[in-house]
Amino acid sequence: MNGTGITDTARADFDTCLAGADEDGALELATGLVTSGVNAEDVLLGLVAPAQVRVGERWESGEWTVAQEHAATHVSRLTVDAIASTARTVRTPAEAGPPRHVLVACSDGEWHVLPSHILTEVLRLRGFHVRSLGGSVSPHELLSDVHQNGPDVVALSCTLSWNLPLAHRQIETCRCAGVPVMTGGPGFGPDGTWAYALGADLYAADARGAAEALLHPWPPVTCGESSVQAGAVEAYAVLVRQRPELLAHVTHALRDVLPGLRNRSGMEHEEAADFLGRLLDSLAAAVFVDDERVFTGHLAFAATYLSARSVDPRCLLTLTDALTARLRGAPRALTTLAAGRRCLIERGASRSHE
Ligand code: B12
């Protein structure tokens with residue numbers, strides 16, 4: 001227990017429900033906590049959110065299949081809804097004050113919707129009026145909703161850092177419309193570093209922080225400024241334009257080591273091509289925000305992912321080398337690839353000492 005009324009046993013029981021796709025068990029456990037007096041926000045943030053992180057670890061390590069992850073996430077989604085509706089029946093939402101309209105959206109390309117859903121329910125429990133647009137919202141859709149519904153603030157969620165260039169367009173769009181942007185999610189980097197680089201006005205590490213930041217002061221102000229440099233945008237655009245041929249190039253370079261690449265059609269091939277495509281997108285995003293950690297962070301994930309599937313992660317060195325040879329005239333990309341190479345070698349060295 002950590003002062004929230006959620007015991008380790010409750011957490012373990014909830015994990016068991018997710019592992020068994022036990023909807024009834026999960027709902028009974030979570031709503032039981034709320035009716036017995038545990039704060040609904042604590043149940044959302046102390047029970048469901050950390051359980052989802054463990055779901056991710058079990059998928060990444062190969063312990064769970066994608067289907068198991070989907071089933072577990074479905075149960076979590078139902079649990080979030082049940083917690084919110086139970087909380088509304090046991091007590092009226094907190095002080096609403098003057099209307100505080102928040103528009104919640106995921107960054108363009110982002111299909112991790114559950115984090116934004118948890119945020120939505122936490123803000124509603126705190127008395128905000130929330131409109132939620134769900135996954136992968138284009139700047140155009142965002143702007144049209146802002147015009148139609150006039151929110152006081154847009155809350156933008158980003159889980160995957162390779163979506164940062166797209167998130168930048170959304171932030172710029174809101175800036176043009178004069179609406180402040182609050183950001184959150186691990187995709188925005190440590191302490192929201194990349195959110196501020198893109199010109200966001202606020203960043204909060206979790207939904208509780210979001211609610212508190214929005215309560216004081218109100219209304220939120222537009223104060224962010226993008227520090228993305230023109231040279232970085234140009235270098236990013238070059239990588240985006242070259243993406244098809246770069247993908248073909250790395251696919252060829254890794255055809256003997258990455259399962260599925262030899263087989264030119266079918267599911268396995270598509271998965272492997274997606275995997276490589278995401279590495280290219282991370283490289284491009286790192287160049288865009290001028291921070292190699294976007295790329296090295298994703299390489300670290302990719303190395304763990306491959307090792308768990310019995311593929312030698314050193315094949316990622318083949319990838320960085322193949323790209324280095326191809327991108328000789330692109331200094332920003334080369335610096336980022338060199339950092340990626342160092343990161344892989346250091347990881348390899350530390351593993352061989354374990
Ligand atoms: C469920 C899940 C999915 C589901 C999402 C379904 C859904 N409806 O949401 C699906 C199957 C779609 C999915 C797909 C993929 N996923 Co996924 N996924 C997850 C998982 C297991 C849980 C996500 C979640 O709900 N987290 C729980 C929430 C509560 O945590 P949170 O993000 O930190 O959110 C809190 C705060 O950040 C904050 N917050 C969030 N948004 C905002 C916004 C604002 C404004 C504010 C203020 C605060 C705020 O508040 C939240 C509550 O406090 C994560 C594991 C993880 N660690 O999160 C992997 C994970 C994110 N996925 C991962 C990957 C790789 C993928 C795929 C690329 C897999 C693939 N296809 O090969 C795709 C990409 C899809 C895409 N383009 O978006 C990796 C990312 C690794 C990386 N760094 O690159 C992770 C980390 C898994 C792992 N351990 O490896 N995934």
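For the numbers below, each heavy atom of this structure counts, side chains included, while hydrogens, waters and symmetry mates do not. Remember, it's 1-based here, ligands and their atoms both numbered in the order they're listed.
Counting heavy atoms closer than 4.0 Å to ligand 1, residue R278 contributes side-chain atoms (C-beta onward) but none from N, CA, C or O. Counting heavy atoms under 4.0 Å from ligand 1, residue L156 touches it through the backbone alone. Here H117 has no heavy atoms under 4.0 Å from ligand 1, in either its backbone or its side chain. Contacts between R208 and ligand 1 below 4.0 angstrom, taking non-hydrogen atoms only, are absent altogether. With a 4.0 Å cut-off on non-hydrogen atoms, Y305 does not touch ligand 1 at all. Proximity of A213 to ligand 1, defined as any heavy-atom pair under 4.0 Å, is not found for any part of the residue. For F301, every heavy-atom contact with ligand 1 shorter than 4.0 Å involves the side chain, none the backbone. With a heavy-atom cut-off of 4.0 Å, R77 does not touch ligand 1 at all. Contacts between L44 and ligand 1, counted as non-hydrogen atom pairs separated by less than 4.0 Å, are absent for every part of the residue. At a heavy-atom cutoff of 4.0 Å, ligand 1 is contacted by no atom of W64, backbone or side chain.
The heavy atom nearest to atom 7 (C) of ligand 1, out of those in I118, V113, V102, L123, is found in V113. For atom 75 (C) of ligand 1, the nearest non-hydrogen atom from the set H112, R58, E271 comes from H112.
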Next item on the list: Carefully, step by step, assess D8 and R11 under the rule salt bridge (Lys or Arg N to Asp or Glu O under 4.0 Å).
Entry: CA-CA 5 Å; D8 290 342; R11 286 199 188 89; 3.2 Å; yes

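Considering backbone and side-chain atoms alike, P186 places every N or O at 3.5 Å or more from each N or O of ligand 1. The shortest N or O to N or O distance between H298 and ligand 1 is under 3.5 Å. Residue S157 has at least one N or O atom closer than 3.5 Å to an N or O atom of ligand 1. An N or O contact shorter than 3.5 Å is missing between L119 and ligand 1 by distance.
Among all heavy-atom pairs drawn from R88 and E121, the shortest one is NH1-OE1, 3.7 Å.
For atom 86 (C) of ligand 1, the protein comes within 4.0 Å by no heavy atom at all. In this structure, atom 27 (C) of ligand 1 is in close contact with the protein, since a protein heavy atom lies within 4.0 Å of it. In this structure, atom 21 (C) of ligand 1 is in close contact with the protein, since a protein heavy atom lies within 4.0 Å of it.
A salt bridge links E41 with R126: at least one charged nitrogen is closer than 4.0 Å to a carboxylate oxygen.
Counting only distance, with no hydrogens or angles, the side chain of Q170 and the backbone of V137 share a donor-acceptor pair below 3.5 Å. Here the side chain of T304 pairs a donor or acceptor atom with the backbone of A300 at under 3.5 angstrom.
If you look at W59 and Y305, their ring centroids are closer than 6.0 Å.
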